[in-house]
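Chain letters run A, B, ... following the sequence lines, proteins first, then strands; residues in each count from 1.
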Number of protein chains: 2
Amino acid sequence: MFSKACEYGIRAAVYIALQSLDGRRVSVNEIAEEIDSPIAFTAKILQQLSRNNIIHSVKGPTGGFQIAREDMDAVKLNMIVKAIDGDKIYVGCGLGLKECNAQKPCPLHDKFVDIRTDLSKMLKSTSLFELATGLEVGLTYLKR
Amino acid sequence: MFSKACEYGIRAAVYIALQSLDGRRVSVNEIAEEIDSPIAFTAKILQQLSRNNIIHSVKGPTGGFQIAREDMDAVKLNMIVKAIDGDKIYVGCGLGLKECNAQKPCPLHDKFVDIRTDLSKMLKSTSLFELATGLEVGLTYLKR
DNA sequence: CATTAATCGGACAAAAATGTCCTTTATTTG
DNA sequence: CAAATAAAGGACATTTTTGTCCGATTAATG
Ligand code: FES
Ligand code: FES
């Protein structure tokens, strides 16, 4: 569904949001530890998110990553997915034709578009804040 | 969503079904031509489908691939996906945790499971015959 | 101002997915 | 039986994704 990079990216963003709720700024090392991901690879992904203004980074001692409270509401999952995986899950054909096209649809088009539309709606409507709150009360987990 | 191999596998199976409706047995070369896929790679995928009894292969002159009319109803998409991509789309966690687990869910679990369940139902209920008939009447396409 | 701690960015490495080539095996046909 | 045809299967090549390493840059602190 999502690439590994995107999975790490979402988990990382949720963790940063959670910590930012407590006013804590977090380092790559801490993030990788807490979401159980490869450190250097995670750093690369965080750079992408930072360049796309999805998270905020601060260099130097006491530096790290954080997300402003308002941004946790504004940042929806689809923004993270788009920043990392591009728009292939939104425009791609389920059976691999060049692009999805209702004029010359593949045999699975109608059924595939239904699913994809649901997925897209879900991603567009789910905010980082929403995901972080489940974590906060111990209902959900970012690693096992 | 699906791997390239799986996409080719589904397109190939639909094409074989379509031709089998006319009593024609088709070669790898013809299949690859008609679904616009790499020949040798497609051959590998057809072997997998054949070993999983999803399509039937015949060696030698006049040989090729075919699917019995009954099997076109019996073979659902989920069987092809499972044969090629395994069950990761059925048991995997959307955020990449080891496996999806409602006891210790990731923050996206509930929403992800909804989508995945719809996808799973769709794949389990869609037969090869159904996909082939759309092609037959010129409503859908396997290449562009 | 020197040290230190942190991200940034580029080059590289490893693994997995995708794709190719060639030999073997089975089967039909002359 | 010999020749030709088509799938089967193994080895190899390429590309993409995933992951690592290290020097450069930025900023805080004594
Ligand atoms: S054309 Fe294949 S999903 Fe739309
Ligand atoms: S635990 Fe992540 S999707 Fe179920």
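B:Glu33 has its CD atom 18 Å from the C1' atom of D:dA6, to the nearest Å. Following rounding to the nearest Å, A:Glu30 (CD) and C:dT7 (C1') show an atom-to-atom distance of 15 Å. Across the protein-nucleic acid pair, A:Leu46 atom CG and D:dT20 atom P stand 14 Å apart, rounded to whole Å. Rounding to whole angstrom units, CG of residue A:Asn29 and C1' of C:dA6 are separated by 9 Å. With rounding to whole Å, A:Gln66 atom CD is found 14 Å from C:dA6 atom P. In this entry the distance linking CD of A:Gln48 with P of D:dG19 reads 14 Å, nearest Å. With rounding to whole Å, A:Ile39 atom CD1 is found 11 Å from C:dT7 atom P. The nearest whole Å value for the distance from the NE2 atom in B:His56 to the P atom in D:dA6 is 17 Å.
An OP1 or OP2 oxygen of D:dG9 is reached within less than 4.0 angstrom by a side-chain nitrogen or oxygen of B:Gln47. One finds no side-chain N or O of A:Ser57 lying less than 4.0 angstrom from the OP1 or OP2 phosphate oxygen of C:dA6. Look at A:Ser50 and you'll find a side-chain N or O under 4.0 angstrom from OP1 or OP2 of C:dC8. Using a 4.0 Å cut-off, some side-chain N or O of B:Arg51 falls inside it from OP1 or OP2 of D:dG9.
Residue pairs meeting the ring-ring contact (aromatic ring centres under 6.0 Å, His included) criterion with at least one member in residues 76-120 of chain B: none, sequence neighbours excluded. Sorted by first and then second residue, the salt bridge (charged side-chain N to carboxylate O under 4.0 Å, His left out) pairs with a member in residues 4-21 of chain B read B:Lys4-B:Glu7; sequence neighbours excluded. Sorted by first and then second residue, the side chain to side chain donor-acceptor pair (under 3.5 Å) pairs involving residues 74-84 of chain A (not counting sequence neighbours) form an empty list.
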Pairs of donor and acceptor atoms involving the side chains of residues 58-68 of chain A, under 3.5 Å and at least two apart or interchain, shall be tabulated with distances.
residue	atom	partner	partner atom	Å
A:Gln66	OE1	A:Arg25	NE	2.6
A:Gln66	OE1	A:Arg25	NH2	3.4

Atom pairs and distances, donor-acceptor, side-chain atoms in residues 125-134 of chain B, under 3.5 Å, two or more places apart:
residue	atom	partner	partner atom	Å
B:Ser125	OG	B:Lys121	O	2.9
B:Ser125	OG	B:Met122	O	3.2
B:Thr126	OG1	A:Lys111	NZ	3.0
B:Thr126	OG1	B:Met122	O	2.7
B:Ser127	OG	B:Glu130	N	3.1
B:Glu130	OE2	A:Lys111	NZ	2.7
B:Thr133	OG1	B:Phe129	O	3.4
B:Thr133	OG1	B:Glu130	O	2.7

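No side-chain heavy atom of B:Val91 sits under 4.5 Å from any side-chain heavy atom of B:Cys100. Between B:Lys143 and B:Glu33 there is a side-chain heavy-atom pair separated by less than 4.5 Å. Two residues are said to be in side-chain contact when any heavy atoms from C-beta on lie closer than 4.5 Å; B:Tyr8 and B:Leu46 fail this criterion.
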Where do N or O atoms of nucleotides 16-19 of chain C meet protein N or O atoms at under 3.5 Å, pair by pair?
residue	atom	partner	partner atom	Å
C:dT18	OP1	B:Lys4	N	3.1
C:dG19	OP2	B:Tyr8	OH	3.2

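Closest contact between the side chain of B:Val28 and the listed nucleotides C:dT7, C:dG9, D:dA7 involves D:dA7.
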Fill in the blank from the handout: In B/S/- notation (B base, S sugar-phosphate only, - none; protein heavy atoms under 4.0 Å), nucleotides 22-30 of chain D written 5' to 3' is ---BBBB--

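Against DNA chain D, the stretch residues 11-27 of chain B makes heavy-atom approaches under 4.0 Å through B:Val26, B:Ser27.
In this structure, the salt bridge (charged side-chain N to carboxylate O under 4.0 Å, His left out) partners of A:Asp73, at least two apart in sequence or on a different chain, are A:Arg69. Partners of A:Glu30 according to the salt bridge (charged side-chain N to carboxylate O under 4.0 Å, His left out) rule, which considers only residues two or more places apart in sequence or in another chain, are A:Arg24. Applying the salt bridge (charged side-chain N to carboxylate O under 4.0 Å, His left out) rule to A:Arg51 yields no partners; only residues at least two apart in sequence or on another chain are considered. Evaluation of the salt bridge (charged side-chain N to carboxylate O under 4.0 Å, His left out) rule for B:Glu70 yields no partner, not counting sequence neighbours.
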